[in-house]
Structure formats: C-alpha cells, structure tokens
Amino acid sequence: MTQAASKLSQRTPQEVFEHHVQALGAEDLEGILLDYPETARVITPAGVAQGKDAIREVFTRLIHDVPKAKWELKTTFTGDILFLEWTADSAQANIPDGVDTFIFKDGMIAVQTIRYTAVPKK
C-alpha cells in the first residue's frame with residue numbers, strides 16, 4: 001500500500017465526508033472520486049453505478065442539475081453510517097428534497113444512496 005493510500009484508509013467517516021462536501025462544493029470531480037474505491041457502489045433511482053467511471057457520471061449529472069449551488073446539509077452519523085438530508089439552490093434549479101445514505105469502510109465511501117428532485121427555475 002502506498003503512503004497516500006495508507007493515509008486515506010486512516011480517515012474517519014467524518015473526515016471523508018468533510019472532504020466529499022468540499023470537493024462537491026468546488027465541483028471537483030476528481031476530488032470527489034478520491035473518496036471512492038473502484039469497488040464502490042452509488043445507488044440512485046436510475047440504477048447502480050459501480051466503479052469510478054460510473055460514479056463520475058452520477059456526480060456530473062448532479063453538478064449539471066445544480067451548478068454553483070448553495071448547499072444546506074443535515075447529517076446524522078452512527079459509526080460508519082451517515083444519513084444525510086440536503087437541499088441545493090442554484091441559478092438554474094433547486095433541490096428541496098435530497099436524501100443520501102453513506103456506508104464508510106477503510107477511509108472511503110463504500111456504498112452511497114442518492115435521491116433528489118431537481119426543480120428547474122423559470
């Protein structure tokens with residue numbers, strides 16, 4: 001294991017999530033993907049995205065739906081599981097009902113569910 005990989009594996013779920021939030025807020029796809037191993041799964045109403053390329057598509061879509069968004073987050077952690085309720089507001093659309101669940105393992109996001117409704121602005 002490389003020193004960088006070892007450092008990532010030692011992060012707490014809270015540290016992983018903090019990085020995830022910063023990368024998403026910056027619309028940094030590569031930064032977002034650092035939090036997922038190749039075996040990660042992201043489950044959405046459209047199906048299961050497995051692996052970094054598929055997960056990149058999920059976040060590309062989210063950023064496209066609400067570019068340069070202002071995010072509001074309500075987190076509930078229990079051990080290596082996070083329940084997240086969120087909203088996002090951008091000039092293009094808003095999301096009033098975002099809900100995610102994260103399962104963390106070895107300093108990474110192993111499984112995530114995402115569900116939201118993007119409401120276009122007129």
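As the structure is a computational prediction, the values presented were derived from the model and not from experiment.
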Taking only residues two or more places apart in sequence or in another chain, which ones pass side-chain hydrogen bond (donor to acceptor under 3.5 Å, both in side chains) with [X]?
| X | value |
| --- | --- |
| Glu72 | Lys70 |
| Lys121 | Asp89 |
| Asp97 | Arg115, Thr117 |

Exercise. Can you list every side chain to side chain donor-acceptor pair (under 3.5 Å) pair that touches residues 37-55, not counting sequence neighbours?
Worked result: Asp53-Arg56
Problem set entry | Pairs satisfying side chain to side chain donor-acceptor pair (under 3.5 Å), at least one member in residues 58-68, at least two apart | Asp65-Tyr116
Exercise. Does Phe102 have any ring pair (Phe, Tyr, Trp, His ring centres under 6.0 Å) partners at least two apart in sequence or in another chain, and if so, which?
Worked result: Phe17, His20, Phe104
Are side-chain heavy atoms of [X] and [Y] found at a separation under 4.5 Å?
| X | Y | result |
| --- | --- | --- |
| Thr101 | Leu82 | no |
| Gln112 | Ile43 | no |
| Asn94 | Val119 | yes |
| Ile95 | Trp86 | yes |
| Ile109 | Ile103 | no |
| Val99 | Leu84 | no |

For this session: Kindly write out the residues that satisfy side chain to side chain contact (heavy atoms under 4.5 Å, CB included) with Ala40, not counting sequence neighbours, or none if the list is empty.
Result: Tyr36, Pro37, Ile55
For this session: List for me each residue that meets side chain to side chain contact (heavy atoms under 4.5 Å, CB included) alongside Gln22, sequence neighbours excluded, and say none if there are none.
Result: Glu18
Exercise. Glu57: what forms a salt bridge (charged side-chain N to carboxylate O under 4.0 Å, His left out) with it, not counting sequence neighbours?
Worked result: none
